[in-house]
Amino acid sequence: MYKLLANNFQHFHLGLIIGVGLYTLSLFSYRSFENRPILSLWSYPFFVVIIFSTLLFLIILVKTWRKRYKNQQLEGHARPGLLFLEFATLFWGIAYLINTADDSANAGRITD
């Protein structure tokens, strides 16, 4: 049961998708204090971070969709190192979203 759950979690990259998605979502709550040339909300460096994380999120989604579409299966059992990476990314995204929900200025600290 747990092995099947771990294989599906790793096969569909749910940790990466949810973690990077939550991180990207939390970036949109930030408002630059002084310099706001992009949509009167963000500075240029922070907008680059938003674009990069959005592209990373879309690349992960497309890669997972194509893998699912081609019905590629993991050979044998789930690799523990990649599974831990998935969970680490998931919990990092959750923590970043909680930190940003507490104070939206915390989302901008990624550029420090």
Side-chain angles (χ1 to χ4, degrees):
M1 172 77 178
Y2 293 114
K3 194 172 190 177
L4 178 64
L5 181 63
N7 278 339
N8 286 335
F9 188 83
Q10 186 177 355
H11 178 69
F12 295 113
H13 298 290
L14 292 178
L16 286 174
I17 291 172
I18 296 170
V20 173
L22 290 175
Y23 164 73
T24 303
L25 181 67
S26 67
L27 290 177
F28 287 99
S29 68
Y30 177 70
R31 304 295 179 255
S32 296
F33 293 110
E34 295 176 10
N35 194 5
R36 298 179 178 188
I38 308 289
L39 299 175
S40 298
L41 298 173
W42 306 300
S43 63
Y44 289 118
F46 191 75
F47 187 66
V48 169
V49 172
I50 289 175
I51 294 297
F52 177 75
S53 64
T54 304
L55 286 175
L56 179 65
F57 178 67
L58 292 175
I59 288 170
I60 292 170
L61 276 177
V62 168
K63 182 180 175 184
T64 304
W65 181 259
R66 286 184 180 169
K67 188 175 184 179
R68 183 184 85 54
Y69 183 70
K70 291 179 182 177
N71 200 16
Q72 297 173 352
Q73 297 294 328
L74 290 174
E75 55 278 351
H77 58 283
R79 296 168 281 195
L82 292 178
L83 186 61
F84 290 138
L85 177 68
E86 297 269 342
F87 277 114
T89 307
L90 172 66
F91 291 126
W92 175 69
I94 291 170
Y96 203 85
L97 182 68
I98 290 171
N99 192 17
T100 303
D102 180 43
D103 184 12
S104 64
N106 290 337
R109 296 188 182 187
I110 194 73
T111 59
D112 288 343

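Below, all heavy atoms of this structure are taken into account, side chains as well, without hydrogens, waters or symmetry copies.
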| field | Inter-residue atom distance T24.OG1 - L58.CG, 0.5 Å rounding | value |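 Output value for this atom pair is 8.5 Å.
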
| task | Could you grab the distance from atom CD1 of I94 to atom CD1 of I98, nearest 0.5 Å is fine? | result |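 Taking CD1 in I94 and CD1 in I98, the distance rounds to 7.0 Å.
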
| Under the side-chain contact (heavy atoms from CB on, under 4.5 Å) criterion, do Y96 and T100 qualify, and how do the steps go? | CA-CA 6 Å; Y96 203 85; T100 303; 3.8 Å; yes

State yes or no: do [X] and [Y] share one hydrophobic cluster built from I, L, V, M, F, W and Y residues joined by side-chain heavy-atom distances below 4.5 Å, directly or via other members?
X	Y	answer
I51	L41	yes
V49	F28	yes
Y44	L39	yes
F52	F47	no
F57	V48	no

Minimum-distance pair of heavy atoms, taken over all atoms of [X] and [Y]:
X	Y	result
S53	Y23	CB-CE2, 3.5 Å
S43	S32	N-OG, 3.0 Å
T54	I50	OG1-O, 2.7 Å
L97	S26	CD1-CB, 3.8 Å
E86	L16	OE1-N, 3.2 Å
W42	L27	NE1-O, 4.3 Å

| query | Parallel, tilted or perpendicular for F91 and F87, by the 30°/60° rule? | reply |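 If you compare the ring of F91 with that of F87, the planes turn out parallel.
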
| With under 30° as parallel and over 60° as perpendicular, where do the rings of F46 and Y30 fit, or are they tilted in between? |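 Tilted, since the angle between the ring planes falls between 30° and 60°.
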
